[in-house]
There are 2 protein chains.
Amino acid sequence: MKPRPRSGDRGTSSHILDIAEGLVQSRGFNGFSYADIAAALAISKPALYYHFPSKAELGVALIRRYEQRFFDALSAIGDRDAPARLERYASLYAGVLREGRMCLCGMLAAEYSTLSEPMQQSVIHFSDRNEEWLSGVLTQGQRERTLAFAGTPRERAHMIISCLEGAMLVARLYGDVDMFQTTASSLLAGLSTSAG
Amino acid sequence: MKPRPRSGDRGTSSHILDIAEGLVQSRGFNGFSYADIAAALAISKPALYYHFPSKAELGVALIRRYEQRFFDALSAIGDRDAPARLERYASLYAGVLREGRMCLCGMLAAEYSTLSEPMQQSVIHFSDRNEEWLSGVLTQGQRERTLAFAGTPRERAHMIISCLEGAMLVARLYGDVDMFQTTASSLLAGLSTSAG
DNA sequence: GTCTATAGGCAGATAGAC
DNA sequence: GTCTATCTGCCTATAGAC
């Protein structure tokens, strides 16, 4: 019997994921341990194992929740013209960076070869879905004639995601969010037509 | 007295760095241990400590050597017009990726917050120098009228490096070097003038 | 320069009480 | 669900022989 969490109390599992998420995004999956989470929550290490029986399973749960929230945020962008959706899309990344964090998926991409197979699959799944969503926006832009670019929407989506990830990686190195904004803006500016 | 290494024998320190470099570029600095290097060289762990008294000092030596070689490779690009130099520059990244590796500097950028302060400084130093070199090429291109772009050469250099790093990160996820080539090409294509 | 042996700590993970 | 106690193994690093 799982007790239903009271409103405002999302339960211990949720709090564990909150802490773990921040640790992965700032230090990487190989850069923290259960002891770090336990300390942050003032709880014992074995208590964590009740909720997540292994670090790898915690990792999978982490990606799944992040994915859920990320695509909820994309849905919340709503119906706008493509350039406006792109701008909101980029601002999601900027928000993460402003907290001194790397994109979860980008961080795990760096550590990819050290991850368990289920975690690797989860990273790929997230990445594929992200590219698919962005590709849809680019296709919309072509249809609307608000966006113009060489190559397929898929290729362009891949390029934009790659550049945003890289821009986060490097901007975080210098603790300079403005650097990211400059790169993101000039990346997207090149796509807009005068019709937009 | 350090014995002079015979030609072709660059010494144990050098071999240690070779292995460590590959490990960092594929697994990250937090993703390998002295035991991995020892196993690869069929040598004991304490022997490694004779050459590098701590993992952090090995890390600094690693960055320094990588930097030396990288900028030697940039010098070897020689005097050409800016677009040609850019193309060779991007192909250096592609070569690393082809070995299934991430750029050393990009990998360490992801793990930045977990690195010792000397390692952090070394990463920044490398990154600054890289940006400076690329910025010089972009300035040359403006002078020659072979390149045209919005913003300052510095900003553009920063953007190009960011995008190349991100493109490596994501391409490595899918084990697809062509993806990187496509992104790199379209990134550089946008800079060339018809004069070039 | 390289070895064997080992210290001391922290990692991921389990047992069993409450 | 959470605790204390504990296991095993690996990590970084050192001591001291050859």
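Proteins come first, then strands; the chains are lettered A, B, ... in the order of their sequence lines, and each starts at number 1.
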Send over the distance from [X] [atom1] to [N] [atom2], rounded to a whole Å.
X: B:Leu41; N: C:dG1; atom1: CG; atom2: P; value: 15 Å
X: A:Asn30; N: C:dC10; atom1: CG; atom2: P; value: 18 Å
X: A:Phe52; N: D:dT2; atom1: CZ; atom2: C1'; value: 15 Å

(request) May I ask you to evaluate whether B:Tyr50 reaches the phosphate of C:dT2, defined as a side-chain N or O under 4.0 Å from OP1 or OP2? (result) no
(request) Examine C:dT2: is either OP1 or OP2 under 4.0 Å from a nitrogen or oxygen in the side chain of B:Ser44? Give yes or no. (result)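 It does not, given that no N or O in the side chain of B:Ser44 lies less than 4.0 Å from OP1 or OP2 of C:dT2.
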(request) Indicate yes or no: does B:Arg65 engage B:Glu21 in a salt bridge with an N to O separation below 4.0 Å. (result)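 The answer is yes: the pair qualifies as a salt bridge.
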Search all heavy atoms of [X] against all heavy atoms of [Y] and return the closest pair with its distance.
X: B:Ser122; Y: B:Glu67; result: O-OE1, 4.4 Å
X: B:Leu104; Y: B:Ile63; result: CD2-CA, 4.0 Å
X: A:Tyr89; Y: A:Ile161; result: OH-CG1, 3.5 Å

(request) Treat primed atoms plus P, OP1 and OP2 as sugar-phosphate and everything else as base, then score nucleotides 7-18 of chain D 5' to 3': B for base contact with protein heavy atoms under 4.0 Å, S for sugar-phosphate contact only, - for none. (result) ----SBBBB---
(message) When you compare the side chains of A:Thr12 and A:Tyr50, does any donor N or O come within less than 3.5 Å of an acceptor on the partner?
(response) no
(request) Could you tell me whether A:Phe71 and A:Phe126 have their ring centroids closer than 6.0 angstrom? (result) yes
